[in-house]
Amino acid sequence: MDILDGLNPAQKEAVEAINGPVLILAGPGSGKTRVITHRVAYLIRVVGVNPRSIMAVTFTNKAAREMEERLNRLVSASVRDLTLGTFHAICARILRQDGKAIGVDKKFSIYDDDDQISLIKRSLQDLALDPKQFAPRALQSVISSAKSQMQEPSDLHGKSYFDEVTKRVYERYQRLLTDSAALDFDDLLLKTVLLFRQNPKILERYQQRYMHIQVDEFQDTNLVQYELVKQLAGKYRNVCVVGDPDQSIYSWRAADIRNILNFEKDFPDAKVILLEQNYRSTQLILDAATHVISANKQRKPKELWTENEKGLPPNVIETYSAEEEAQWVVSEIDKLVRSGEAKSSDCAVMYRTNAQSRALEEAFIRYGMPYKLVAGTRFYERREVKDVIAYLRLIQNPYDTVSLRRVINVPQRGIGERSLDELTRWAESQGVNEYKALQLLAQSNESSEELPFSARTVKVLSGFAVMIENFIEKSRELDMVKLFDHVVEKSGYKQYITGLVDGEDRWENVMELRGVAQDYRDLPPEEGLTALLEGVALVSDVDDLPEKVDTVTLITLHQAKGLEFPVVFIIGMEEGILPHYKSIDDPAQLEEERRLCYVGITRAKQKVYLVRAFRRHLMGSSTVNKPSRFLLDIPPELIERGGVTAKEDEWIAAAEAKEKEIQLDGELPEFKAGDHVRHDQFGEGVVVNYRKTRNDAEVVVAFDGEGVKRFLLSFAKIEKV
DNA sequence: CGCAAGTACCTTTTT
DNA sequence: GGTACTTGCG
């Protein structure tokens, strides 16, 4: 059977174990994607399972598309009948289909982060709470994590005032969502679980249909997703989950590594298969990665091995500043390309935070070397793109208040904050939502009634309502592209956006969105709109990564999960960056940082560069960073060192400094504004500001004739005069 | 109500 | 070094 050809025994076992629960623990590069794909192919071609009965859940849409392509080659026919996608996409489909059983409107909008924040702000407003005291972002993350653990507002039993506030905001927020006929990302999952819970018959239909379920990246699923898996697999129990605890990097998004442990508990008869042979990386890269991950305490030991050649040792490169770091990376890539050792597209530069990409971009541009950036300012987060999407969302779901408020005055129609507030209040007094209120206004053109608006305001508000009504009518007959053009034109948005200073760029973005709309042109009008909106709501940044172009890839470590490159540069190998300073105090989070580093190293097939900078500008001020502890976990003999500022002894010094770090704390001299001080290089000056940081303190000093300088006390020699 | 200029706050990672 | 929000004036 050619489907099993070229698989090793463990992989074969994983492909053939199609009856009953299966847990596949797969190390990086062990061919797990291959296993899942071949399993599905095996089910269809060898076992003769109807593709309609198979569900395969992936982490990104891109992974889904890739699997589809591979399957097309393996089984060619009827791949279209598979259910293949992310949890969110699959749930959205289920809810469109059957959501009405729990009161979910068929035309619900999907709210992203931004939309959530604006609803939370409105909740705070409604509850007369100060957004400065209760940061919307923080509330959003608390609410989201509650939802990810299937907690309703009433399940929150915190005792502090903040907990109480959270509970009330959560309640109000959920109310606003419902009124807007909208679901946030968490709701997509949660509502589906609730749908199944409350409607056993519907659940049974899906159970009956999906006789074979596979879940990729299982280590990054949350409680709700796991619950969903259990529900769907409840009848046939043919469920295969694939994951690697060492690559769990989304706990901050409520992913729960315990799902893997619980799987064996919930399915005691589960067959456990280990995939430990790595086909991706060279021996030395794998060794380095193993040393890094082995330092984690909370971990089941796992033996990865490879038959690949020994290869080249990882390079540790030390540079002076972030700029120099970027420049070094670019020139090294240039060298590799010129010597023919690698193509541009073989190379990826990975980093912990998106902010780090800027210095890189500048270096690439200066060098004239092309690159592709995964998610800079994300396309779908651009203002003009969101605006047009908001118009489209309103057509599908006019109760969508976030979209309504977004565009009701864009372009300016003379509807300011006051009129809007007035509208909200009036709508509430009439017991209707804002859109219905607008329609009422439009119908009451007698204007004899007592309305709290000026005649002019009534006119513009009605005008808006009539326009949207008109769009809705058009949406029933026009294809996506025609509708798109109609809306952009008749709303006055085109004229508005092209009239702005950077109008051309922005208009180009609008046209790019139009290009996306083209993909939905052939669908029946209303379906096309739904599909487009769902598509844009659920895309991730990696999804848009252009595959074919021969350029370097710039990508965060998180986004790099599941990808591989011959040559990998990980930059910012410093304490405070990787591991990120926000994780340093918490052992559990620190382990996740380590896994992130592990994920990065194991992306590489042939060559890894670990790059760090001494000095880095963060938020305006300059910091000096020690080398990442993860570098110290790799035995020196496995590493080749280089770079602009490398010194032999520094390595040891850094390790010693790490030891001393704790003792250093609290023994720093203290200064206050106004103190006269002396610095070896700059002479005498006056302290302008003094601020304690985590393990250090920052002093700002104004020197005579030298200007104002900023120092870290642990590095700068500053003494009182 | 709109716009320009100033200010606080920030930055982890994303479906 | 940027943005999202506030302030003040026309």
Side-chain angles (χ1 to χ4, degrees), chain A residues 57-64 85-92 110-114 116-118 121 131-132 135-138 140-141 144 147-148 183-190 217 220-222 224-225 248-255 322 350-359 362 374-375 377-378 380-381 383 409-422 454 456-457 460 500 534-543 555-561 572 576-584 586 589 592-593 595-597 599-600 616-623:
Chain A
V57 187
T58 56
F59 195 69
T60 60
N61 299 298
K62 182 176 182 244
T86 63
F87 273 111
H88 291 86
I90 292 172
C91 286
I110 299 174
Y111 278 2
D112 69 8
D113 259 37
D114 261 16
Q116 286 184 56
I117 294 287
S118 73
K121 282 183 185 156
K132 276 185 193 130
R137 287 223 146 273
Q140 188 244 348
S141 110
S144 169
K147 285 187 174 187
S148 304
L183 302 180
D184 62 22
F185 286 139
D186 300 307
D187 281 344
L188 290 177
L189 309 170
L190 194 54
E217 307 286 7
D220 285 321
T221 54
N222 67 29
V224 187
Q225 290 166 330
S248 152
I249 54 175
Y250 282 96
S251 73
W252 50 273
R253 214 174 82 190
M350 303 179 183
Y351 35 84
R352 174 67 234 264
T353 66
N354 277 307
Q356 288 171 261
S357 67
R358 191 186 304 149
E362 281 168 13
V374 185
T377 12
R378 306 184 181 116
Y380 291 105
E381 275 170 29
R383 209 183 68 207
N409 200 32
V410 181
Q412 291 93 327
R413 302 185 172 92
I415 304 166
E417 195 127 1
R418 262 207 359 243
S419 309
L420 253 179
D421 283 349
E422 206 56 64
S454 68
R456 192 190 70 90
T457 311
V460 281
L500 296 179
E534 202 149 296
V536 300
L538 299 175
V539 279
S540 70
D541 301 310
V542 251
D543 294 338
I555 193 170
T556 67
L557 287 161
H558 282 88
Q559 293 166 334
K561 190 180 71 162
I577 305 284
L578 183 67
H580 194 268
Y581 73 97
K582 287 221 170 180
S583 306
I584 277 179
D586 180 348
Q589 283 189 52
E592 181 147 319
E593 297 286 314
R595 292 194 290 269
L596 198 51
C597 181
V599 166
R616 190 175 290 279
H617 297 281
L618 274 174
M619 280 188 273
S621 67
S622 163
T623 44

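Please read all numbers here as calculations on a predicted model, not as lab measurements. Within every chain, numbering begins at 1; the chains are lettered A, B, ... in the order of the sequence lines, protein sequences first and strands thereafter.
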Parallel, tilted or perpendicular: which fits the ring planes of A:Tyr250 and A:His558, with parallel below 30° and perpendicular above 60°?
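Judged by the thresholds at 30° and 60°, the geometry between A:Tyr250 and A:His558 is perpendicular.
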
side-chain hydrogen bond (donor to acceptor under 3.5 Å, both in side chains) with [X]: which residues, sequence neighbours excluded?
X: A:Asp586; result: A:Gln589
X: A:Tyr111; result: A:Asp400
X: A:Glu422; result: none

Would A:Trp252 pass as stacked on B:dT13, i.e. its ring centre under 5.5 Å from the base's six-membered ring centre and planes under 30° apart?
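According to the criterion (under 5.5 Å, under 30°), yes, A:Trp252 stacks.
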
Can you measure [X] atom [atom1] to [N] atom [atom2] for me and round it to whole angstrom units?
X: A:Ile117; N: B:dT11; atom1: CD1; atom2: C1'; answer: 14 Å
X: A:Arg358; N: B:dC10; atom1: CZ; atom2: C1'; answer: 12 Å
X: A:Tyr111; N: B:dT15; atom1: OH; atom2: C1'; answer: 18 Å
X: A:Tyr351; N: B:dT13; atom1: OH; atom2: C1'; answer: 12 Å
X: A:Lys121; N: C:dC5; atom1: NZ; atom2: P; answer: 4 Å
X: A:Asp187; N: B:dT15; atom1: CG; atom2: C1'; answer: 13 Å
X: A:Arg383; N: C:dA4; atom1: CZ; atom2: P; answer: 10 Å
X: A:Phe185; N: B:dT14; atom1: CZ; atom2: P; answer: 13 Å

Between A:Gln559 and B:dT14, does any side-chain N or O lie under 4.0 Å from OP1 or OP2?
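For B:dT14, OP1/OP2 do have a side-chain N/O of A:Gln559 under 4.0 Å.
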
Can a side chain N or O of A:Asn354 be found less than 4.0 Å away from OP1 or OP2 on B:dT11?
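No.
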
Side chain of A:Arg137, heavy atoms from C-beta onward: which of B:dT15, B:dT13, B:dT11 has the nearest atom to it?
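Of the options given, the side chain of A:Arg137 lies nearest B:dT11.
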
Among B:dT11, B:dT15, B:dT13, the nucleotide that comes nearest once only the side chain of A:Thr353 is considered:
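Of B:dT11, B:dT15, B:dT13, B:dT13 is nearest to the side chain of A:Thr353.
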
Can you tell me, in whole Å, how much space there is between the C1' of C:dT6 and that of B:dT11?
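22 Å, rounded to whole Å.
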
Per-nucleotide protein contact string for nucleotides 1-8 of chain B, where B marks a base within reach and S marks sugar-phosphate only (heavy atoms under 4.0 Å, - for neither)
SSS-----

Heavy atoms under 4.0 Å, any strand shown: does A:Asp113 hit a base, just sugar-phosphate, or nothing?
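The residue A:Asp113 makes base contact.
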
With sugar-phosphate meaning primed atoms plus P, OP1 and OP2, does A:Tyr250 contact a base, only sugar-phosphate, or nothing at under 4.0 Å between heavy atoms?
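Answer is sugar-phosphate: A:Tyr250 comes under 4.0 Å of backbone atoms only.
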
side-chain contact (heavy atoms from CB on, under 4.5 Å) with A:Arg137: which residues, sequence neighbours excluded?
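By the side-chain contact (heavy atoms from CB on, under 4.5 Å) rule, A:Arg137 matches A:Asp113, A:Ile117, A:Gln140.
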
Could you list the residues that satisfy ring-ring contact (aromatic ring centres under 6.0 Å, His included) with A:His580, not counting sequence neighbours?
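A:His580 satisfies ring-ring contact (aromatic ring centres under 6.0 Å, His included) with no other residue.
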
Closest non-hydrogen atom pair, A:Ile110 against A:Ala92
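So the two residues come closest at CD1-CB, 4.5 Å.
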
